2 protein chains.
Amino acid sequence: MVHIPNQQPAQRSVPTSADVARLAGVSRATVSYVLNNTSAVRISEPTRRRVHDAARELGYVPHAAARSLRAGHSRMVLMPTSEIPMGLLFSTFFNELQWALSRLDYTVVQYASLGMTGEDAARAWAELRPVAVLAPDASALGPRGVTVLKRSGAKAVFTLGPQRVEGAHALLMDGRRVGRAAALHFLARGRRRIGAIVPTEAGLEMFWQPRVAGLRETVEATGTHGATVTELSLGYSEESAARLAARWRDLGVDAVFAYNDEYAMLLMRALQDEGIDVPGDTAVIGSDDLMLGRLLRPRLSTVRIDLPSGRSLAELVDRVVRDPGAEPEVHDVLGADVVHRESS
Amino acid sequence: MVHIPNQQPAQRSVPTSADVARLAGVSRATVSYVLNNTSAVRISEPTRRRVHDAARELGYVPHAAARSLRAGHSRMVLMPTSEIPMGLLFSTFFNELQWALSRLDYTVVQYASLGMTGEDAARAWAELRPVAVLAPDASALGPRGVTVLKRSGAKAVFTLGPQRVEGAHALLMDGRRVGRAAALHFLARGRRRIGAIVPTEAGLEMFWQPRVAGLRETVEATGTHGATVTELSLGYSEESAARLAARWRDLGVDAVFAYNDEYAMLLMRALQDEGIDVPGDTAVIGSDDLMLGRLLRPRLSTVRIDLPSGRSLAELVDRVVRDPGAEPEVHDVLGADVVHRESS
DNA sequence: TTGAAAGCGATACCAC
DNA sequence: GTGGTATCGCTTTCAA
């Protein structure tokens, strides 16, 4: 393509270390030594000065790609993101992790991988030659994907989520524990006919399915006589909640576990508007322990989810990067306990 | 560094196109042609096959850095992130934008730039040679920063936030409009002594200061007799809200604009617990139009903030990347209107 | 239709 | 102390 310098008179092309060298009257090697403060080589003060001045004058900035190509490795940590909006809890967690990693001098790259799955996605990620990959969804990666990543030089492959996968380290976040905590709470308080509020919004299955499964399993495992679990769909709107509340008495449910606090609050308000007493007629419990749940009357009971600190996970990642040979470990990182307030 | 292959027996190094060429018995050029489907060159079917097979067998994945180094440009869009957790509204917006960009075949990279400011940060970003930079905080970038980025080859530099900066395109999100909408609402309804709830949490100034400024300006501009604005600090906790509510009657405030709906809900509950009638004694308005505000009684009035779609902004970025010569434009993208419910 | 080779930008070894 | 130069992996022009 022919490039005619038009309105941009000063559109010089991007300065390279060669330009700096030329201007300073030294070799590119010297430029590199000075700018990287290479300790193995001593450069005279006047030369250093000339190089620094030249670099400043040209506005020279080193080229990260060229550097890591030469070095044969980078410090990029890849975090593929999915389109679905996770709740406040998880986005806070990911944010923290990201910051902790950058504090350890990693470059964290969030990469949106449009509807690819498994090996295809892994290949796309591998092109960036990340030193570590933190994939939120193990199922979409698969053992083949892990192999692809490792072959391409990734020293650490982690999955963060409800599943694990062969060959990768896992930060296992077992949502079933959330459902289990709720179930035990209800059963201990004599509730038997348990509803499970499930969001109709697409893409959230990854979060609610394990929670409901945990609820079910626990109810069945305890073998409490007459205990049942019923799934109930709820969209995130007042109308949807009103519709569900309108047929509530027919459902014969005396306790309900909601996917999270927001859905719980929505439902609880609709139940109250319908004249149903909470917790008298129906006990309600949410999850995530949002501050706002305390503002309702009765105050919302909830399952508090404990996630490890971003810092500790960043350190774990760092450790694996430094010792890539180690056997993949599974870290069970999700804790869940009931915060009993007034709605249950 | 000496590398002794120890526990990992199959630790062959990462395959390159040269390895593929060797295995397929062709040259590296041919490998490139085949794998990139170069239309300018026709390769015989048997050769294509051999190359593909070899690539598959080796698990070959091209090296993005090498490729873009050679190409002289990349399609990376850099979005520096700040440590502060923005609200749901903005994180949704950024998410959308990110996805829209990746749909336009850009690689979106979120980069955490630890406490650097201005030129330093810009230099760190420039090392990645992004084709575009979307910086959330104009003030921290500065005109010098913009220059650095452009010098390093960035075709589009955008700021997204309440301020603009010389040389960069701006997606101006003028928070003062939010305060203005609230002020007009209160004044029209005869309220005079207006409180402004301001979060004590650090790092949020960028969001609330413009809102409060807009509130102030508007009250002063209308010159309503006896109208005042008082800033009131509130931490995100029930205790903090209770403390503020306890001294409420002394404050003599008949209307209060909260930084956002969450703080508004927190305060409103505390006021009610203190026996203060909302909206009778004090009108309350929040902002962001959270669903949960509708669940309180009275339903929370709010200032709804309109942000443009991620898609339209992604297209704007794309347009500027394709025509980098264009004069920087300022796009005023934040709309604000009052949603009057019951608390005001 | 295929191959040889230049070159993108930075670094580090080896001479001088 | 400083400078040449090979090299990282890939694309692309030019010749064969």
Side-chain angles (χ1 to χ4, degrees), chain A residues 1 12-51 54-55 58-75 126-129 131 151-153, chain B residues 1-3 12-51 54-55 58-75 123 126-129 151-153:
Chain A
M1 190 209 297
R12 311 189 285 286
S13 61
V14 187
T16 73
S17 74
D19 296 319
V20 177
R22 220 174 346 260
L23 182 58
V26 299
S27 76
R28 303 165 62 210
T30 306
V31 172
S32 178
Y33 293 142
V34 172
L35 265 29
N36 294 310
N37 258 316
T38 309
S39 52
V41 162
R42 293 195 52 78
I43 304 283
S44 71
E45 205 44 53
T47 308
R48 302 184 87 78
R49 207 180 203 69
R50 289 220 311 286
V51 169
L58 293 175
Y60 169 71
V61 174
H63 192 307
R67 175 182 286 170
S68 73
L69 176 60
R70 170 64 227 232
H73 62 261
S74 74
R75 290 187 63 82
E127 293 197 358
L128 301 177
R129 295 290 190 273
V131 69
R151 259 234 183 65
S152 80
Chain B
M1 193 206 297
V2 183
H3 183 274
R12 311 189 288 285
S13 62
V14 187
T16 72
S17 73
D19 297 319
V20 177
R22 218 172 351 258
L23 182 58
V26 300
S27 75
R28 303 164 60 211
T30 307
V31 171
S32 177
Y33 293 142
V34 171
L35 262 31
N36 294 309
N37 257 315
T38 308
S39 50
V41 161
R42 294 195 53 76
I43 304 284
S44 70
E45 205 44 53
T47 307
R48 302 184 86 78
R49 207 180 204 70
R50 289 219 311 285
V51 170
L58 293 176
Y60 169 71
V61 174
H63 191 306
R67 174 180 286 172
S68 72
L69 178 59
R70 167 68 226 229
H73 58 81
S74 75
R75 289 185 64 80
R123 248 188 300 275
E127 293 197 0
L128 300 177
R129 296 290 192 275
R151 258 233 182 66
S152 82

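Bear in mind that the values here come from a model prediction, so they are computed numbers and not experimental data. Values below: all heavy atoms of this structure, side chains included; hydrogens, waters and symmetry mates excluded. First the proteins, then the strands, lettered A, B, ... as listed; each starts at 1.
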Which comes earlier along DNA chain C counting from the 5' end, the contact point of A/Thr16 or that of B/Arg42, where each point is its nearest nucleotide? B/Arg42
With a 4.0 Å limit, can you tell me whether A/Ser68 has a side-chain N or O closer than that to the phosphate oxygens OP1/OP2 of C/dA10? no
Can you find a pair of side-chain heavy atoms, one from B/His63 and one from A/Leu69, that are under 4.5 Å apart? yes
Between atom NE2 in A/His63 and atom P in C/dT11, what is the gap in whole Å? 12 Å
Can a side chain N or O of A/Ser17 be found less than 4.0 Å away from OP1 or OP2 on C/dA10? yes
Spell out, as yes or no, whether a donor-acceptor pair under 3.5 Å connects the side chain of B/Arg50 to the backbone of B/Ala24. yes
At under 4.0 Å between heavy atoms, what does A/Val31 touch on the DNA or RNA strands: base, sugar-phosphate, or nothing? nothing
Taking side chain as C-beta onward, heavy atoms only, is A/Leu58 less than 4.5 Å from B/Arg151? no
Taking donor-acceptor contacts at under 3.5 Å, does the side chain of A/Arg70 reach the base of D/dT7? yes
Starting from P on C/dC8, measure out to CZ on A/Arg28 and report it in whole angstrom. 9 Å
Tell me which nucleotide among D/dT11, D/dC14, C/dG9 gets nearest to the side chain of B/Arg67. D/dT11
Between C1' on D/dG1 and CD1 on A/Ile43, what's the gap in Å once rounded to a whole number? 6 Å
Between C/dT11, D/dT12, D/dG9, which nucleotide gets closest to the side-chain atoms of B/Ser32? D/dT12
Looking only at side-chain N and O atoms, does A/Thr30 come under 4.0 Å of OP1 or OP2 in D/dG3? yes
Distance in angstrom units between B/Leu69 CG and C/dT11 P, rounded: 12 Å
Can you check the A/Leu128 CG to D/dG9 P distance for me, whole Å? 16 Å
B/Ser68 side chain to B/Ala71 backbone, donor-acceptor under 3.5 Å: no
Base, sugar-phosphate or nothing for A/Thr47? Non-hydrogen atoms, less than 4.0 Å. sugar-phosphate
Distance check needed: C/dT11 P versus A/Tyr60 OH, whole Å only. 6 Å
Can you tell me how far C1' of D/dG9 sits from CG of B/Asn36, to the nearest Å? 13 Å
Quick one: does A/Arg42's side chain have a donor or acceptor within less than 3.5 Å of a partner on A/Ser39's backbone? no
D/dT2 C1' sits how many Å from A/Arg48 CZ, rounded? 13 Å
